[in-house]
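Here is the structure we will look at, set down as structure tokens.
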Protein chains: 2
Amino acid sequence: MSRRIIGSLSLRLRVIIVWPRSRSLLLRLEPYSTTPIVVGTDIYIVVGSEKHTDPEHSVWKVAYWKVASWSKVACRFEAFGWHVICVKNGNTEYDETCAAIKEAKSVTEKPTLIKVTTTIVYGSPNKANSYSVYGAALGEKEVEATRNNLGWPYEPFQVPDEVKSHWSRHTPKGSALESNWNATLAYEKKYPEEAAELKCELPAGWEKALPTYTPESPGDATRNLSQQCLNALAKVVPGFLEINLRFGVREHGMGAICNGIALHSPGLIPYCATFFVFTDYMRGAMRISALSEAGVIYVMTHDSIGLGEDGPTHQPIEHIASFRAMPNTLMFRPADGNETAGAYRITVTKRKTPSILALSRQKLPQLPGTSIEGVEKGGYTISDDSSGNKPDVILIGTGSELEIAAQAAEVLRKEGKTVRVVSFVCWELFEEQTDEYKESVLPSGVTARVSIEAASTFGWGKIVGGRGKSIGINSFGASAPAPLLYKEFGIIVEAVVDAAKSLF
Amino acid sequence: MSRRIIGSLSLRLRVIIVWPRSRSLLLRLEPYSTTPIVVGTDIYIVVGSEKHTDPEHSVWKVAYWKVASWSKVACRFEAFGWHVICVKNGNTEYDETCAAIKEAKSVTEKPTLIKVTTTIVYGSPNKANSYSVYGAALGEKEVEATRNNLGWPYEPFQVPDEVKSHWSRHTPKGSALESNWNATLAYEKKYPEEAAELKCELPAGWEKALPTYTPESPGDATRNLSQQCLNALAKVVPGFLEINLRFGVREHGMGAICNGIALHSPGLIPYCATFFVFTDYMRGAMRISALSEAGVIYVMTHDSIGLGEDGPTHQPIEHIASFRAMPNTLMFRPADGNETAGAYRITVTKRKTPSILALSRQKLPQLPGTSIEGVEKGGYTISDDSSGNKPDVILIGTGSELEIAAQAAEVLRKEGKTVRVVSFVCWELFEEQTDEYKESVLPSGVTARVSIEAASTFGWGKIVGGRGKSIGINSFGASAPAPLLYKEFGIIVEAVVDAAKSLF
């Protein structure tokens, strides 16, 4: 049950023998990616049938390139700036295919697509070029007919000596390459420090470079605070990818390329950025990050209705919940500078788990009580005036709404209540803590709990419990300045205070 | 705070005066869609600057077509099979633009793209063709400079008489068109029945065409039962779109086109189908359905690890939760034939809310107690041997796992417990019910609750409560036959029985 998938273009390369008689060996490429973007000058060979007996069920349309028609693929890739070579007869023209590969190797300034036209299941007398062989096995009878048609007298799974020796000719070359590589590894023993740098291991004390803040530090949008963290990290973490790639408006391609970088070179730490709402266009690639254990950092800004006038198309509502539900994904929503630094403290070390940082467009204050150490726990208390782990009420917030929870606590405390304020910055990390720790933050005896988050309340029921209240937005947002929207949707101090009072 | 968005290509058409001196009136098109696919022969006019003073921040790359470079757009659209016309100087060449529109109108067999090259903020002496005018206002000083440069002496918001009369020339034509249309409406009064059919109103008793099933009916995959419902509906609902569009493997375009059909012709009911996991590639379009109140029916098959060998890339885990969190979206997961019919009973009438039907690949039995009427409530009891609304335990399931809940109930009843089995087929519909109804299904006094769903347990906390247990999968799936996977991941009768016993 292997779950490892090559991320960048989700390629599965297989060598298949299309027609044993001519020993034509072709690479078969199965791209599941919607956007064929590559960095570099790789060669991609696509083998497929141009004509179909059953055009309604064109195998290529069903399973491969997402284009209007197979015959236009070459034109489309030329438009993407690729070098394109067509091989008209991939069934039998071994030399033509070899020549195409040779030509492709000579093109070094851009990637090459070699379009090889073949017949699907060439050699099958009754099923070649039909839809029926795509989703189902050929069947014993047709296998026999195909064997006879191709003159293939060997037993099942028998590899003829001729084929074995043909492939074995690479063995001496491979041995030499391996010896050379092993010799290189001696370098690591002689110069461990330099080797570590080459492998981009994190240097001791790297995390000390992360900025810290006090309540007196100037407030800022967490998206800007994130930039401060990235600049600080770039100076001390050699593997932190500082090169800016110009992705254009191509979320899926961006995520896919970052997956490729993370998986190909474990020492490199790729991050990419866009508006949080546009993860809707990148979700396929982000799921591959999680599934393939690629530690990509997704820096997602404009994380709530707080972005204001761009309106409901740009205001994420369901996105935080949707990623909290995704396996092997850390969903962070930091409230200020310390929490943003805390998120980076974790995510830089999580090389097998992608992280998403939902960051604000609007300015936020540096809150008392937030800390990098707190973020490491996922959920933690930022202020509490109760004793004996028995506050009258627990107010829980994330990101831009943690400030509102803190303000509501002040109001309630003035009225004589004991209040704990909890930042729930990363649910997945909190889930990993010990039962003791969880009980110290959310004691089971305290059922008066109020959560506040400018997003869907879906999922909060588990945190606030059966008696608790969740303040959020279960409709789409609207276009207006942020303060007006917060008031309109009731994401305000008064709402938290009222909800808390209803529980006393 | 308008929330209405045109769905199909998410277009916002605005007429802008690019250069007042020449009165060149150009349509500005802002496509937010990643995939420029259209059905029909519409004309799309794209206006933009080809050269930039600041190529790193090319406005076109940031905000418009998602292509490698603007200069390749024409080539790419030709590859898509469009007719493409280029207007080289959209700033001043009014006649060239008019000629292009005339040519486009003459092309009736395919859509036309007119690429009009202009300077962004043409006429601004200091900011034309720069990034600074994309995201921010021009500023008072530069507005003044631009006015002087263009020779525009009018007050703000003053429309010169010359412009007014130019536009007003269309008024008589518009009046005539309106009169003609109103005359057509007289038809509706004279022939109400035929007019209703033209408008595709649902005929009385249409829902009687939906199939019903008994426990004796043969079991089947809900994806096949869905096909039975669609075939039955096509016979009685005139607006049910029976035309098959060949979308290819283009989830986003498919959803976007269905949005366009639903919004353009309210009498038509579009549905589209793919694997549930591939909603990751269609989420942008599905969110537009919800935001634009387009009643598209999403028929999503292969809805859990039950699909088997295709493995974790094809097995949805977080998808059900992710759509339950999306506003104005009905997420159905029917368990058998009656529930599938029930889902269609609702979704056909919901013309302002998209529906998603998560359907099984594997065969499921027709369960006792399921009903169309039950589905209308979102959550309902399918079996119960308790009295006084006080069962010892409530077992809650959806889709393919409702059968497991029912089997676990039998085991527990044999051991002397009273057990209620609840189908939670559509959370959003249950949420709309009265408090009395909700209490009759999930009495607050009964805290022994177990949910089972072969997906992320995220969100179930609210339903099962603080004491309850949720059986599901919070990791990715694996490739194996379905029964083996269910065993491996503990989605089995024994797990439900054990969880229930832990609550007694």
Side-chain angles (χ1 to χ4, degrees), chain A residues 1-3 5 32 34 37 56 61-64 66-69 72 75-76 78-81 246 248-252 278 280-281 283-284 287-288 290-291 311-313 317-318 321-328 444 447 456 458-463 465-466 473-476 478-480 488, chain B residues 1-3 5 10 32 34 37 56 61-69 72 75-76 78-81 246 248-250 252 278 280-281 283-284 287-288 290-291 311-313 317-318 321-328 444 447 456 458-463 465-466 473-476 478-480:
Chain A
M1 297 201 208
S2 167
R3 297 208 265 105
I5 288 166
Y32 282 93
T34 52
I37 303 166
E56 280 294 321
K61 275 179 205 156
V62 172
Y64 295 90
K66 304 178 179 223
V67 288
S69 85
K72 296 268 187 179
C75 184
R76 186 172 168 195
E78 277 162 2
F80 276 126
R246 286 164 57 189
V249 188
R250 265 195 209 88
E251 292 85 5
H252 179 83
F278 297 143
D280 283 348
Y281 297 97
R283 221 175 146 85
R287 191 175 202 259
I288 290 289
L291 193 54
T313 49
I317 298 293
E318 69 277 21
S322 79
F323 286 110
R324 283 180 184 146
M326 189 180 275
N328 194 38
S444 44
T447 59
S456 168
F458 191 83
W460 276 103
K462 192 183 171 188
I463 311 295
I473 304 168
N474 291 313
S475 65
F476 288 109
S479 174
E488 174 84 13
Chain B
M1 296 202 211
S2 165
R3 296 209 265 106
I5 288 165
S10 305
Y32 283 92
T34 52
I37 302 166
E56 278 294 321
K61 274 180 206 156
V62 172
Y64 295 91
W65 297 110
K66 303 177 179 224
V67 290
S69 86
K72 294 269 189 180
C75 185
R76 188 174 166 192
E78 277 164 0
F80 276 127
R246 286 165 55 188
V249 188
R250 264 193 210 91
H252 180 84
F278 296 144
D280 282 348
Y281 296 97
R283 218 175 149 85
R287 191 174 200 258
I288 290 290
L291 193 55
T313 49
I317 298 294
E318 68 278 22
S322 80
F323 286 109
R324 283 181 184 147
M326 188 180 277
N328 194 39
S444 44
T447 58
S456 168
F458 191 82
W460 275 103
K462 193 184 170 185
I463 311 295
I473 305 166
N474 292 312
S475 65
F476 288 108
S479 173

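Just so it is clear, the values below take in all heavy atoms, side chains as well, and ignore hydrogens, waters and symmetry mates. Chain letters run A, B, ... following the sequence lines, proteins first and then strands; every chain starts at 1.
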Pair count under 4.5 Å, heavy atoms only, with chain A: among Arg287(B), Lys462(B), Met326(B), highest is Arg287(B)
In terms of heavy-atom pairs under 4.5 Å, which option from Gly466(B), Ser456(B), Ala325(B), Gly311(B) contacts chain A the most? Ala325(B)
Answer key: most heavy-atom pairs under 4.5 Å with chain A among Ser322(B), Pro327(B), Gly461(B), Ala321(B) is Pro327(B)
Is there side-chain contact between Arg283(B) and Phe323(B), with heavy atoms separated by less than 4.5 Å? yes
How long is the span from the CG atom in Asn328(B) to the CD1 atom in Ile317(A), to the nearest 0.5 Å? 12.5 Å
Between NE2 of His252(A) and CG of Asp280(A), what distance do you get to the nearest 0.5 Å? 14.0 Å
Do Phe458(A) and Arg324(A) come within less than 4.5 Å of each other through their side chains, counting heavy atoms only? no
